[in-house]
J.: 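Take this structure, written in structure tokens, and hold onto it; I'll ask about it next.
In this text the structure is predicted, and so the values were computed from the model without any measurement.
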Amino acid sequence: MQNVHFYVIKNGHRERIACQIAEKAVAQGHRVHVRVPDPQAAESLNTQMWTFRDQSFLPHSLGESPSPHVRVTIHEEWLPQERDVLINLADDMPDEYESFSRVAEVVGPDDDTKSHGRARFRQYRENGVEPELHEISM
């Protein structure tokens with residue numbers, strides 16, 4: 001069965017939570033892909049990955065990376081590289097979610113992302129996946 005986790009943020013920023021999830025996954029030896037809705041969101045997350053924590057560095061790339069040292073990729077689409085963790089910041093459910101051993105859906109506090117998050121939660125259930133729910137307050 002697919003390992004899907006929904007991180008519902010009561011207050012705070014989705015990008016920061018995505019960085020923390022990516023950092024933890026990389027520390028555990030995983031390779032991460034962060035799916036974003038558009039190029040602007042990719043650029044914003046790229047900046048966050050450099051600045052979200054003073055003592056942290058996440059080797060990451062916007063798009064595909066030929067370097068084996070890059071543990072995190074950021075892009076609007078799935079990239080055909082070996083990644084085992086997907087962090088989804090896009091509004092829709094990724095078609096390729098089954099290609100990953102773990103999926104982290106990050107749902108923000110605003111009504112729009114909550115609505116999209118609920119729809120994705122229902123879609124996972126309709127596909128036979130029972131997502132785990134985590135509420136986060138910052």
Side-chain angles (χ1 to χ4, degrees):
M1 178 165 283
Q2 194 68 31
N3 193 356
V4 177
H5 297 262
F6 271 73
Y7 296 88
V8 180
I9 304 166
K10 296 286 186 184
N11 52 42
H13 299 283
R14 294 171 75 202
E15 291 175 343
R16 182 166 180 78
I17 297 300
C19 289
Q20 291 171 341
I21 294 168
E23 180 182 51
K24 184 175 180 180
V26 167
Q28 294 172 348
H30 296 287
R31 297 178 65 83
V32 179
H33 179 66
V34 184
R35 183 173 176 258
V36 293
D38 53 51
Q40 294 81 13
E43 286 294 337
S44 179
L45 185 61
N46 177 48
T47 300
Q48 278 287 320
M49 290 242 176
W50 286 102
T51 62
F52 85 100
R53 189 186 319 266
D54 288 341
Q55 302 300 317
S56 178
F57 172 69
L58 282 173
H60 66 280
S61 170
L62 291 173
E64 291 190 59
S65 173
S67 172
H69 302 293
V70 173
R71 308 293 294 177
V72 179
T73 55
I74 303 168
H75 201 269
E76 307 91 75
E77 300 296 328
W78 175 75
L79 300 172
Q81 293 183 349
E82 287 190 28
R83 303 286 166 195
D84 58 336
V85 174
L86 170 66
I87 300 172
N88 190 27
L89 295 176
D91 291 336
D92 60 333
M93 187 173 120
D95 293 332
E96 64 281 346
Y97 77 92
E98 292 175 324
S99 301
F100 296 86
S101 62
R102 180 180 173 143
V103 177
E105 292 278 355
V106 183
V107 180
D110 62 280
D111 290 338
D112 193 39
T113 58
K114 282 182 188 177
S115 175
H116 290 292
R118 287 185 193 108
R120 291 192 310 276
F121 194 91
R122 282 191 300 275
Q123 285 180 292
Y124 282 111
R125 279 191 163 166
E126 289 168 4
N127 288 341
V129 176
E130 188 59 40
E132 238 181 87
L133 188 61
H134 309 274
E135 293 186 356
I136 298 174
S137 294
M138 295 183 80

J.: Output yes when a side-chain donor or acceptor of N127 lies under 3.5 Å from a complementary backbone atom of V129, and no otherwise.
T.: no

J.: Return yes when atom CG of D112 has more than 12 non-hydrogen atoms of other residues, nucleotides or ligands closer than 6.0 Å, and no otherwise.
T.: yes

J.: Just by distance, do the side chain of S137 and the backbone of K10 share a donor-acceptor pair under 3.5 Å?
T.: no

J.: Output yes when E130 and R125 qualify as a salt bridge under the 4.0 Å nitrogen-oxygen rule, no when they do not.
T.: yes

J.: Considering only heavy atoms from C-beta outward, does the side chain of V107 approach that of F121 to under 4.5 Å?
T.: no

J.: In Å and rounded to the nearest 0.5 Å, what is the CG to CE distance from D91 to M93?
T.: 14.0 Å

J.: Any non-hydrogen side-chain atom of L45 less than 4.5 Å from a side-chain atom of C19?
T.: yes

J.: Quick one, V85 and Q28 - any side-chain contact, counting heavy atoms below 4.5 Å?
T.: no

J.: Report the C-alpha separation of R35 and N88 in whole Å, then their side-chain angles, then the decisive distance to 0.1 Å, and conclude whether the side chain to side chain donor-acceptor pair (under 3.5 Å) test is met.
T.: CA-CA 5 Å; R35 183 173 176 258; N88 190 27; 3.1 Å; yes

J.: Is any side-chain heavy atom of Y7 closer than 4.5 Å to one of R14?
T.: no

J.: Determine yes or no for a side-chain-to-main-chain donor-acceptor pair under 3.5 angstrom, with R83 supplying the side chain and F100 the backbone.
T.: no

J.: Where is the tightest heavy-atom contact between G108 and K114, given as atom of each residue plus distance?
T.: O-CG, 3.5 Å

J.: Indicate yes or no for a side-chain donor-acceptor contact from R71 to the backbone of G29 under 3.5 Å, with no hydrogens or angles considered.
T.: yes

J.: With side chains defined as the heavy atoms from C-beta onward, is the minimum distance between E15 and S44 less than 4.5 Å?
T.: yes

J.: What are the two closest heavy atoms between E43 and L62, and how far apart are they?
T.: OE2-CD1, 3.3 Å

J.: Can you tell me how far CG of D38 sits from CG of L89, rounded to the nearest 0.5 angstrom?
T.: 10.5 Å

J.: State the OH-CG distance between Y97 and N3, to the nearest 0.5 angstrom.
T.: 12.5 Å

J.: Could you pull out the closest heavy-atom pair between V32 and A25, with the gap in Å?
T.: CG2-CB, 3.7 Å

J.: Measure the NE2-CD1 distance between H134 and I9 for me, rounded to the nearest 0.5 Å.
T.: 12.5 Å

J.: Looking only at heavy atoms, what is the nearest atom pair of P94 and L86, with distance?
T.: CG-CD2, 3.5 Å

J.: How long is the span from the CG atom in N46 to the OG atom in S61, to the nearest 0.5 Å?
T.: 8.5 Å

J.: Parallel, tilted or perpendicular: which describes the rings of F6 and Y124, with under 30° parallel and over 60° perpendicular?
T.: perpendicular

J.: How far apart are the closest heavy atoms of R31 and V70, and which atoms are they?
T.: NH2-O, 3.4 Å

J.: Taking side-chain hydrogen bond (donor to acceptor under 3.5 Å, both in side chains) as the test, write out the residues that go with R122, two or more places apart.
T.: none

J.: Taking the side chain as C-beta and beyond, is there a heavy-atom pair between I74 and M49 under 4.5 Å?
T.: yes

J.: Do the non-hydrogen side-chain atoms of P131 and Q123 ever get within less than 4.5 Å of each other?
T.: no

J.: Just by modelled atom types, is the A22 backbone N or O under 3.5 Å from a matching donor or acceptor in the H30 side chain?
T.: no

J.: With distance as the sole test, does R120 use its side chain to make a donor-acceptor pair with the main-chain N or O of S115 at under 3.5 Å?
T.: no

J.: Does Q20 reach the side chain of R53, with side-chain heavy atoms less than 4.5 Å apart?
T.: yes

